[in-house]
Structure formats: C-alpha cells, structure tokens
**Student:** 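Got a structure for you, written out below as structure tokens; questions coming shortly.
The sequence lines fix the lettering, A, B, ..., with proteins before strands; numbering per chain opens at 1.
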Number of protein chains: 2
Amino acid sequence: MKLSDGVEWGVHVVTLLAYLPEDRALTSARLAEYHGVPAAYLAKHLQALSRAEILESVQGPRGGYRLARPPATVTVLDVVEAIEGTEPAFRCTEIRRRGPGARPAREYPLPCAIDRVMRSADTVWRASLGAVTIADLTSAVGRDAPPKSLVAGAEWMREALR
Amino acid sequence: MKLSDGVEWGVHVVTLLAYLPEDRALTSARLAEYHGVPAAYLAKHLQALSRAEILESVQGPRGGYRLARPPATVTVLDVVEAIEGTEPAFRCTEIRRRGPGARPAREYPLPCAIDRVMRSADTVWRASLGAVTIADLTSAVGRDAPPKSLVAGAEWMREALR
DNA sequence: ATATCTCGGATAATAAATATCCGGACTTAC
DNA sequence: GTAAGTCCGGATATTTATTATCCGAGATAT
Ligand code: SF4
Ligand code: SF4
C-alpha cells in the first residue's frame, strides 16, 4: 500500500500556486523545475487536478495553471482524491462466496463485518485529510519554513513571471 | 493506493482459525481450498503472519497453522501490518530540498506541515483498525452470516481434521 | 491575421511492485 | 529409523506505476 508520488507533488503544486498573483499562471514545465521532478509525469497529474476543478488551465502564451478556487475551499483530501482516485484501499473480493460454505449472494448481509471495519477506517482517514485546507497549509508554511527559503521562493516566482 | 489481496485473505484465515479446536492445525493447502484462492500465494502471506506471531506453524504430518494467541488479543491492525508492512502510505520525498528555494537540511523543521497532515491521517486509520479484534469479528460473523453457511463451514472443518 | 505558446491526449519504453511458482530443510507420526 | 508431510525462503512471472516522447487543437499577444 503506497500513495502515488503524484500526491506529494500535487499538494506541493497547489500550495505553491496559492502564492501566485491573481490572473497569472505557471506553466507545467516551470512547476516541474521548481520541484525538481520529471516534467512529463507531473503534467499528467496536473491534468487530473484540472479535471477535478482544483486547478484551471489557461492556454497560449503566458498560459499555464492557476487555482480554480480560493485555497480555503480546497482540502487536502480533494487533492489526494483527484490524483489517487476515490475508491477505497480495501476492495472486497467476495472470497466467502467461493469456498465450501458458499451460499447464494442474497443470503449475505452487505456489507460484511470485515468490510465494515475496513470502510470505517477508510472513512476516518478521508475525514482527517478533509479537515485541512490548502489555506491551512500556506499559513503553516509561512510559520515554519526557513525564512531564506521563502525569500528565494518569492524571487524565483518573480523571475518565472518574467 | 490499494491494499494487497493478501490482507483480505489474512483476515479471513485468522477469523476461520479462531474456530479451530485447541491443539489442532489447518494446512495452508486446506486454507486455500476453503477460501478458493491460489495456494502458493496464500502460503507466502501465512508465513508473514507466522513471523508476526499471529499464527504459529506446526510442521510434519497433522501440521499446519493455528492461532498463536487468543483472538481477543489480536487486532485487525495487527493482521494488516503483518501483511502490508508498517510503513505509512505517504512517504515524503523531500522535494522541497530540490527546488530553487532549497536550504541545508538542518534549517527545516521535521516533519513539515504536509507530512504532519498525512501522518495524522495515517494514525487515525491505524487506530481505527486497531480498535477491532478478531474476537469482535467472530461474534459479528456468528450474528450475521447465513446459518446454512455456518453449518457447512463446521461440517467442512470436521472433514478437514479427518 | 498569424506566429507562438500552452495544454490535452495517445503511445511507447522502463522501472517497480505484486502475485505466482518451485525445490530444499525440517518435523512429526508411525 | 524412516518416510510422509509440512513450512520456509528464494527465483520467476505478471501486472501496475512511472518516465519519456510525440503531435494536434485552442488561445493569445503582437
Ligand atoms: S466476508 Fe467480507 S471481506 Fe470477506 S469476502 Fe465476504 S464481503 Fe469480502
Ligand atoms: S515539504 Fe513536507 S511533504 Fe514536501 S518534501 Fe518537504 S517534508 Fe516532504
């Protein structure tokens, strides 16, 4: 069980874009450069974020990606689900219906006890991620990132916007 | 993000073994037959459960696997971690230390905000799984499995034990 | 109008994780 | 003592995830 690398990238990208001036955008190549990750694969995840209405893309010269809505209305869960998908980590294979004790499907209560436990764990996991917004992250970054890093980041963004 | 199939199998196996008479054991082949899953692969997961001290193996004729401790002292989390491993689904790649804003490692607080969110979600997930024991599952099964299935299961076990 | 820049999607190659199989070591019952 | 039966660990195959490359459609600044 492992989350895709894209999840980390996605959260970072969205957080960075929260610092972007309104009405500007950053190109996928720049975003990849900033984070030091493979551009092609990041682009794929950016498309997913775009489809999920978390980012919006603007084409042509001076185009790129920017946030589609205010950081306070986007949760970490939104980003995770856009990239990783929404189906639960545990998928029942109905193995109880294969063995010697098998019965017709309608005799089984759904969902079974095991599935209930797994689902409930999945639910609290998602709830926990859903309780934090991107706005929360940016304020945390402002609080505990190294100051010099913030300055360098701001400088880089000025440069990237020409 | 997807849990290994072995997790479902493992939970089922441990639950079934809770019904096994003291001082007997079920062979991995029988367990695979009962659940209708590939024997060789199930065997691998059983080894993991054995290493985790959840099952204990007895070799030679009349050997096989049985529970290593009472069902009430084994949580679903124990089984999941034995099979799936204990490391969190989100592993930080330290991408913030690759970009233009990069600083020497000691300037960064650990863990960062994003990692904290992910860790905390992982923690509640595990806590949720850790709150349910195998004993809880067996009583749930007794409560809502189809009666005919229980009878057939008991019959099968009698036969399997010769 | 047009030349240029960007995303969007499809395709292919590579790497990694997962699922499967097999032969050897060990234990037990007789 | 011995032979049958079982687990154990490593080798193999299959699937999935990641990375890289390409071209077309649409948008925009000039
Ligand atoms: S008992 Fe539950 S977890 Fe197991 S196969 Fe049936 S529905 Fe799935
Ligand atoms: S900011 Fe946090 S999640 Fe991102 S790379 Fe650094 S430690 Fe990992």
**Student:** Between A:Tyr19 and A:Ala154 (side chain of the first, backbone of the second, donor and acceptor by atom type, cut-off under 3.5 Å), is there such a pair?
**Tutor:** no

**Student:** When you get a sec, tell me which of C:dT4, C:dC21, C:dC7 is the closest nucleotide to the side chain of A:Pro61?
**Tutor:** C:dT4

**Student:** Applying a 4.0 Å non-hydrogen cut-off, can you work out what A:Met1 is touching in the nucleic acid: base, sugar-phosphate, or nothing?
**Tutor:** sugar-phosphate

**Student:** Please give, in whole Å, the distance from C:dA19 P to B:Gln47 CD?
**Tutor:** 16 Å

**Student:** Rounding to a whole Å, what distance do you find between A:Lys44:NZ and C:dA10:P?
**Tutor:** 9 Å

**Student:** How many Å lie between CD on A:Gln59 and P on C:dT6, as a whole number?
**Tutor:** 11 Å

**Student:** To the nearest 0.5 Å, what is the distance between OG1 on B:Thr93 and CG on B:Asp115?
**Tutor:** 10.0 Å

**Student:** Select from B:Gly60 and A:Arg51 the residue whose nearest nucleotide in DNA chain C is closer to the 5' end of that strand.
**Tutor:** A:Arg51

**Student:** Run the side chain to side chain contact (heavy atoms under 4.5 Å, CB included) test on A:Val76 and B:Ile114 for me, step by step, so that the C-alpha distance in whole Å, both residues' side-chain angles and the decisive distance to 0.1 Å come before the verdict.
**Tutor:** CA-CA 9 Å; A:Val76 175; B:Ile114 296 174; over 6 Å; no

**Student:** Closest nucleotide of DNA chain C for A:Ser57 versus for A:Arg62: which of these residues is on the 5' side?
**Tutor:** A:Arg62

**Student:** Categorize A:Gly64 for me: base, sugar-phosphate, or nothing, with a 4.0 angstrom heavy-atom threshold over every strand shown.
**Tutor:** sugar-phosphate

**Student:** What is the distance, to the nearest angstrom, from the CG atom on B:Asp5 to the C1' atom on C:dT18?
**Tutor:** 9 Å

**Student:** Given atom CH2 of B:Trp9 and atom C1' of C:dT20, what is their separation to the nearest angstrom?
**Tutor:** 9 Å

**Student:** Tell me which of A:Ser4 and A:Val58 sits closer to the 5' end of DNA chain D, going by the nucleotide each one is nearest to.
**Tutor:** A:Ser4

**Student:** Linking I/L/V/M/F/W/Y whenever any side-chain heavy atoms sit under 4.5 Å apart, do B:Leu129 and A:Val124 land together?
**Tutor:** no

**Student:** Got a second to check how far A:Leu46's CG is from A:Arg51's CZ, nearest 0.5 Å?
**Tutor:** 11.0 Å

**Student:** Rounded to whole Å, please give me the gap between CG in A:Leu3 and C1' in C:dA17.
**Tutor:** 15 Å

**Student:** Between which nucleotides of DNA chain D, read 5' to 3', does contact with chain A run, using atoms under 4.0 Å from its heavy atoms?
**Tutor:** D:dT18 to D:dT28

**Student:** Mind checking the OG1-CD spacing from A:Thr27 to A:Glu33? Nearest 0.5 Å is all I need.
**Tutor:** 10.0 Å

**Student:** For A:Met118 and B:Val80, run side chain to side chain contact (heavy atoms under 4.5 Å, CB included): C-alpha distance rounded to whole Å, both residues' side-chain angles, the deciding distance at 0.1 Å, then the answer.
**Tutor:** CA-CA 10 Å; A:Met118 293 300 188; B:Val80 170; 3.8 Å; yes

**Student:** Rounded off to whole Å, could you give me the CD1-to-P distance for the B:Ile83 and C:dA17 pair?
**Tutor:** 19 Å

**Student:** Write down the distance between CD (B:Glu8) and P (C:dT18), rounded to a whole number of angstrom.
**Tutor:** 17 Å

